[in-house]
Amino acid sequence: MSEGSEIFEIKDKSLAGRLGTLITTHGKITTPTLFPVINPLHQEVDLNTIRKIGYNAIITNAYILKKHCEQKVLSQGLHEFLGFTGPIMTDSGGYQILEYGDVEVEPQEIVMFQEKIGSDIAVILDVPTGGHASYDEAKWTVEETIRRAKLSTKYMENGKTIWVYPVQGGRYLDLLKYSAEKLLEMLQYKMVSIGSPTQLLEKYDYRTLVKMIVTVKTTIPPNYPVHLFGAGHPMFFPFAVALGIDTFDSASYILYAKDERLIFPHGTLRLRELKELPCSCPICSKYTIEELLSLKRSKRVKLIAIHNLYIIWQEIKRIREAIRENSLWDLLEEKSRAHPSLLGAFKELIKYVEYVEKHHPISKPEVSGIFLYDSLSLSRPEVVRHRKWVLAKYAPPEFFEKAMIIFGLEEKPLTRSQIYNAIKMEKNLQKLHILAFMPYFGIVPEELAETYPLSQHEKEYDEKVLKESFDVVLNYLSKHGKKYDLVLFVILQKDLEEQVLNLAKKLENTFKIHVIKHYDEDIGGLIRKLKDYLHVM
């Protein structure tokens, strides 16, 4: 099934993340993006400021609007009432149910109200599972949300509002999957949301959230844009986007500000604990810490909230650019070192590498090199894709009679190395299939040496990387070694000698193997060793 729909166009991809356009009645929204939560009764940061920062879409609460100023909003319409011309998403009271247990409105009432006031994107009155529910309690929230979702479809009439189907179930993945499957029975919903992450985010339980996102994304068709409610701090955004989340909402910008905490890409810091403002946003460029502390609290809170909005928007733009550059994995590796819980999220994400690799583009017109750091990089989609392909689909050309695997060759690509070209100059060595051992990728046949990213990467590696890379060579030779009359192991670096000799010992009873050690830079000497052993002139 193709990704994208009549309301959602996919422009670019990296990992399972999408750069897209969400089409609404009041304009197009570039995704991934965040909808700042707007309090319709008292908003500390005015909407004109929010728009100028870069946010062209917001979210507010239809239940609060209906309860406190229903007639005025019905008379003016949502956009005129708020004074915002861009797309507006409305929630319907689910958060209040989570916090207070109930709301004084029926599901059908809030559906009709949202359509009448002109919500561009609207959520039905669901029952959030929350992070503390027992299994039975969670099951009830799922069944009740499904009942309300079906009931609500009978009152969706204007055809302009994008209706959001809320998936509930929380940390209970079987319930989450069941809830997501029910979407397919209700075609009126064009967008999906994942509910109940707030309490998990408060505990930095990103691992569970990764599982929840993957469960939903692998259950629903890929053409649905997916929203994550109450996303909190932006440091988790890249991981959520990498798994396929398209939009977020959050009130963190103002909640942190009221606690006088400033959001930064790596975490939050309290204003009173800072000596300098490590930021160059318009607020931090204009005020010193002393000046901020001298202001009235209401003014200070507003300025911190504006700073927080700038940082969140900066992170959204950085994620988008990483998708364009196909470097979202690099961003995850960087972010995973910012907090132990993010490293945990990254390790959890790696467990779903097959899902991520399936959606990751093979290449892009403008190719950038990749960086490989340690054993976590073994799960990078480009690395996984090469190992999978060379072990499952590749077969050596029948023309070659013998194979030579070079261990410790630093030049890349193999086919432009001095050793390779010297061998190819020898007439009697033309039927020698040349392959290179390469950490992370395992084994690189000469025919593939110049394919991306085998010659477009920089790397550091550890013992675990070496072990897994040698396992790839073992698996390759276990499958194809008998196709050669002879397999030569050429060792160019002494520190690889032990691993290569161990590999040879594992295979010595399977086919004919010979090891050549060559630890100097005399290429002519290596050619002579090859010719002497092969008895060729």
Side-chain angles (χ1 to χ4, degrees), residues 32-39 43-46 49-50 52-55 131 197-207 209-210 228-242 245 248-322 330-346:
T33 197
L34 176 123
F35 301 97
V37 173
I38 303 303
N39 186 328
Q43 179 61 23
E44 284 86 350
V45 181
D46 64 276
T49 298
I50 289 176
K52 285 181 178 178
I53 292 171
Y55 300 92
T198 305
Q199 292 164 334
L200 296 172
L201 289 165
E202 288 172 352
K203 297 189 299 180
Y204 294 90
D205 187 4
Y206 297 138
R207 281 182 177 268
L209 197 49
V210 167
L228 182 65
F229 271 114
H233 197 285
M235 64 184 183
F236 181 69
F237 290 2
F239 298 89
V241 169
I245 294 297
F248 306 88
D249 72 86
S250 180
S252 62
Y253 72 97
I254 187 62
L255 296 177
Y256 284 132
K258 288 179 178 178
D259 198 26
E260 298 196 11
R261 285 193 287 169
L262 287 81
I263 292 175
F264 294 101
H266 61 279
T268 60
L269 295 171
R270 294 186 184 278
L271 178 64
R272 295 177 189 275
E273 295 174 357
L274 290 169
K275 302 300 181 186
E276 293 184 76
L277 291 169
C279 174
S280 56
C281 78
I283 301 303
C284 295
S285 298
K286 182 176 180 180
Y287 295 91
T288 66
I289 293 173
E290 292 74 19
E291 288 169 338
L292 287 172
L293 290 172
S294 69
L295 298 172
K296 288 184 178 179
R297 173 172 164 76
S298 59
K299 175 70 170 176
R300 183 164 62 249
V301 166
K302 177 180 178 179
L303 293 175
I304 294 174
I306 294 171
H307 156 87
N308 290 344
L309 285 164
Y310 270 108
I311 295 299
I312 294 170
W313 190 243
Q314 170 187 300
E315 291 300 290
I316 291 291
K317 290 192 292 183
R318 191 176 181 199
I319 293 167
R320 290 179 184 174
E321 196 58 28
D330 300 274
L331 184 57
L332 298 188
E333 292 221 44
E334 176 190 325
K335 293 290 184 182
S336 70
R337 266 56 179 186
H339 193 282
S341 62
L342 294 177
L343 181 59
F346 193 29

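Note that these values count all heavy atoms, side chains included, but never hydrogens, waters or copies made by symmetry.
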Practice problem: Looking only at non-hydrogen atoms, find the nearest pair between Ala257 and Ala305 and report the distance. | Solution: CB-N, 3.5 Å
Quiz prompt | Min side-chain heavy-atom separation Ile50-Ile38 under 4.5 Å | solution = yes
Quiz prompt | Minimum-distance pair of heavy atoms, taken over all atoms of Phe346 and Phe239 | solution = CB-CE2, 3.8 Å
Quiz item: If we only count heavy atoms from C-beta on, is the Asp249 to Leu34 side-chain gap below 4.5 Å?
Solution: no
Quiz item: Side chains of Ser250 and Ile312: does their closest heavy-atom pair fall under 4.5 Å?
Solution: no
Quiz item: Would His233 and Leu201 count as a side-chain contact (heavy atoms from CB on, under 4.5 Å) if you check the C-alpha gap in whole Å, the side-chain angles of each, and the deciding distance to 0.1 Å?
Solution: CA-CA 8 Å; His233 197 285; Leu201 289 165; over 6 Å; no
Self-check item: CG-CG distance between Leu262 and Leu269, expressed to the nearest 0.5 angstrom
Solution: 7.5 Å
Exercise. Inspect the contact between Glu315 and Lys335 and indicate whether a charged nitrogen and a carboxylate oxygen are less than 4.0 angstrom apart.
Key: yes
Self-check item: Smallest separation among heavy atoms of Ser341 and Tyr206, with atom names
Solution: OG-CE1, 3.2 Å
Quiz item: To the nearest 0.5 Å, how far apart are OG1 in Thr288 and NZ in Lys275?
Solution: 13.5 Å
Quiz item: Measuring from Glu333:CD to Leu342:CG, what's the distance to the nearest 0.5 Å?
Solution: 13.5 Å
Self-check item: Any side-chain heavy-atom pair of Pro265 and Met235 under 4.5 Å
Solution: no
Quiz item: What is the distance from atom CG of Leu332 to atom CG of Leu343, rounded to the nearest 0.5 Å?
Solution: 11.5 Å
Quiz item: Under a 4.5 Å cut-off applied to non-hydrogen side-chain atoms, are Leu309 and Tyr55 in contact?
Solution: yes
Self-check item: Heavy-atom pair with the smallest gap, counting every atom of Pro197 and Leu209
Solution: CB-CD1, 3.7 Å
Quiz item: Taking atom CD1 of Ile311 and atom SG of Cys279, what is their separation to the nearest 0.5 Å?
Solution: 4.0 Å
Quiz item: Would you say Pro32 and Ile245 make side-chain contact, with heavy atoms under 4.5 Å?
Solution: no
Quiz prompt | Glu334/Arg318 under salt bridge (Lys or Arg N to Asp or Glu O under 4.0 Å): CA gap, chis, key distance, verdict | solution = CA-CA 13 Å; Glu334 176 190 325; Arg318 191 176 181 199; 2.6 Å; yes
Self-check item: Residue pair Ser252 / Gly232: nearest heavy atoms and the distance that separates them
Solution: OG-O, 3.2 Å
Quiz item: Considering residues at least two apart in sequence or located in another chain, which fulfil the side chain to side chain donor-acceptor pair (under 3.5 Å) criterion with Thr268?
Solution: none
Exercise. Write down the atom of Ala251, the atom of Val37, and the distance for their closest heavy-atom approach.
Key: N-CG2, 3.6 Å
Exercise. Apply the test salt bridge (Lys or Arg N to Asp or Glu O under 4.0 Å) to residues Glu291 and Lys286: give CA-CA distance (whole Å), side-chain angles for both, the deciding distance (0.1 Å), then the verdict.
Key: CA-CA 9 Å; Glu291 288 169 338; Lys286 182 176 180 180; over 6 Å; no
Quiz prompt | Verdict with reasoning, Thr49 to Lys302, per side-chain contact (heavy atoms from CB on, under 4.5 Å) | solution = CA-CA 11 Å; Thr49 298; Lys302 177 180 178 179; 5.5 Å; no
Quiz item: Going through the distances and angles, do Trp313 and Lys317 end up as a side-chain contact (heavy atoms from CB on, under 4.5 Å)?
Solution: CA-CA 6 Å; Trp313 190 243; Lys317 290 192 292 183; 3.7 Å; yes
Quiz item: Between Phe237 and Phe248, does the ring centroid distance fall short of 6.0 Å?
Solution: yes
Quiz item: Just one of Arg270, Glu273, Arg300 clears the side chain to side chain contact (heavy atoms under 4.5 Å, CB included) bar with Glu260, so which one?
Solution: Arg300
Practice problem: Taking the side chain as every heavy atom from C-beta outward, state whether Arg261 and Leu271 have any pair of such atoms under 4.5 Å apart. | Solution: no
Quiz item: So how far is it from Ile289 CD1 to Arg272 CZ, rounded to the nearest 0.5 Å?
Solution: 11.0 Å
Practice problem: Could you pull out all residues at least two apart from Glu321 that satisfy side chain to side chain donor-acceptor pair (under 3.5 Å)? | Solution: Arg324
Practice problem: Among Ile263, Val45, Ile254, find the one that has a side chain to side chain contact (heavy atoms under 4.5 Å, CB included) with Asn308. | Solution: Ile263
Quiz prompt | is_close_aromatic(Phe264, His307), centroid dist under 6.0 Å | solution = yes
